[in-house]
K.L.:
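Okay, handing you the structure first.
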Amino acid sequence: MLKVATWNVNSLRVRLPQLRDWLTAEQPDLLGLQETKVTDADFPRADIESLGYAVTFAGQKSYNGVAILSRQPATEILVDIPGFATEERRVLAATFGTVRMINLYVPNGSEVGSEKYDFKLRWLAALTLWLKSELAGHAHAVVVGDFNIAPDERDVHDPEVWKDGVLFNAAVRSAFQGLVDIGLCDTFRLHSQEGGQFSWWDYRMAAFRRNLGLRIDHVLASSHLCKTCTACRIDKAPRKLERPSDHTPVIAEFNL
DNA sequence: ATGGTGGCGCGGCCA
């Protein structure tokens, strides 16, 4: 069994005790973290290694930052979309045995019409081109992370409220579909067709208590891996803790 | 009503 998870922790240093407890409980084989918000020099490597995980990371000061925790050591590490290098540490790809893991923190986009929004769309276009070659080279690939895109109406508590926003408008949903169409599946939708199942809730307005959320964190898998996917679930438990991340983990399991 | 909350880091940006 292969267990793959993703969690936007919104500061690794703040969430380290929660991560420790969660790893002990869930024991994933591969975990992609986003918004670690820590430089590589300050990364709590020893804390994570003491939990029995190897760790690969690409961080920066204050913003962004990605990491992959694994049972096996990483090889073939990439920290940028080839040909689309930026200062922003949002990409970490590595190989673990026969599995290629691509961990993403997709740009939020701020607001439609902004420079950040334009960057989000260009970033997604470059990502899609690159992932075609990644899939061509790796039959067993998982693409996980905070995509900052809710794929369809079921994934948004109120589509009317979000329909023109950067997380759900037609352009970003089309970009998400274009990404899936290169040969991926949304593992969550292999097992559940219900709406109202979210992975992120705004800290404000008691959004979690009222379930005013979005499903924007995803575990996508290559066609071959999709055939072996036995489960995908959103683990709401960490979002209920004191001082939580605004995101909660998504976990997929594969019969490998 | 451009609010509300949280992280970084110590003023303002970002989500």
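Just so we're on the same page: letters track the sequence lines, and every chain starts at 1.
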K.L.:
Tell me which of A:Arg15 and A:Met205 sits closer to the 5' end of DNA chain B, going by the nucleotide each one is nearest to.
P.N.:
A:Met205
K.L.:
What distance, rounded to whole Å, do you find between the two P atoms, one in B:dG11 and one in B:dT5?
P.N.:
23 Å
K.L.:
Whole angstroms only, please: what is the CH2-P distance between A:Trp201 and B:dG6?
P.N.:
16 Å
K.L.:
Looking only at atom C1', what distance separates B:dC14 and B:dT2, rounded to whole Å?
P.N.:
16 Å
K.L.:
Between A:Trp162 (CH2) and B:dA15 (P), how many Å, whole number?
P.N.:
13 Å
K.L.:
A:Lys61 has an atom NZ; how far is it from atom P of B:dC14, in whole Å?
P.N.:
15 Å
K.L.:
What nucleotide, of B:dA15, B:dC8, B:dG7, holds the atom closest to the side chain of A:Lys116?
P.N.:
B:dA15
K.L.:
Would you call A:Asp186 and A:Arg215 a salt bridge, using N to O less than 4.0 angstrom?
P.N.:
yes
K.L.:
Using the P atom as the reference point in each nucleotide, state the distance between B:dC10 and B:dG4 in Å, no decimals.
P.N.:
24 Å
K.L.:
Quick one: is A:Arg204 getting a side-chain N or O under 4.0 Å of the B:dA15 phosphate, OP1 or OP2?
P.N.:
no
K.L.:
May I have the distance from A:Trp200 (atom CH2) to B:dG7 (atom P), rounded to whole angstrom?
P.N.:
15 Å
K.L.:
To the nearest Å, how far apart are A:Asp146 CG and B:dA15 P?
P.N.:
10 Å
K.L.:
Can you check the A:Asn10 CG to B:dG9 C1' distance for me, whole Å?
P.N.:
14 Å
K.L.:
Assuming nearest nucleotide by heavy-atom distance, tell me which of A:Ser11 and A:Tyr105 is located more 5' along DNA chain B.
P.N.:
A:Ser11
K.L.:
Side-chain N or O of A:Ser62 versus OP1/OP2 of B:dC13: is the shortest distance under 4.0 Å?
P.N.:
no
K.L.:
Specify the separation, in whole Å, of atom CZ of A:Arg209 and atom P of B:dT5.
P.N.:
13 Å
K.L.:
Give me the one residue out of A:Val99, A:Thr187, A:Asn103 that meets side-chain contact (heavy atoms from CB on, under 4.5 Å) with A:Val142.
P.N.:
A:Val99
K.L.:
Is the count of non-hydrogen atoms from other residues, nucleotides or ligands lying under 6.0 Å from A:His224 atom NE2 greater than 12?
P.N.:
no
K.L.:
Mind checking the P distance from B:dG3 to B:dG12? Whole angstroms is fine.
P.N.:
15 Å
K.L.:
Would you state whether a donor and an acceptor, one from the side chain of A:Tyr63 and one from the base of B:dC8, lie under 3.5 Å apart?
P.N.:
no
K.L.:
Would the A:Phe208 and A:Trp201 ring centres measure less than 6.0 Å apart?
P.N.:
yes
K.L.:
Over how many whole Å does the gap from A:Phe208 atom CZ to B:dA15 atom P extend?
P.N.:
23 Å
K.L.:
Closest approach of A:Val166 and A:Val112, non-hydrogen atoms and distance?
P.N.:
CG1-N, 3.5 Å
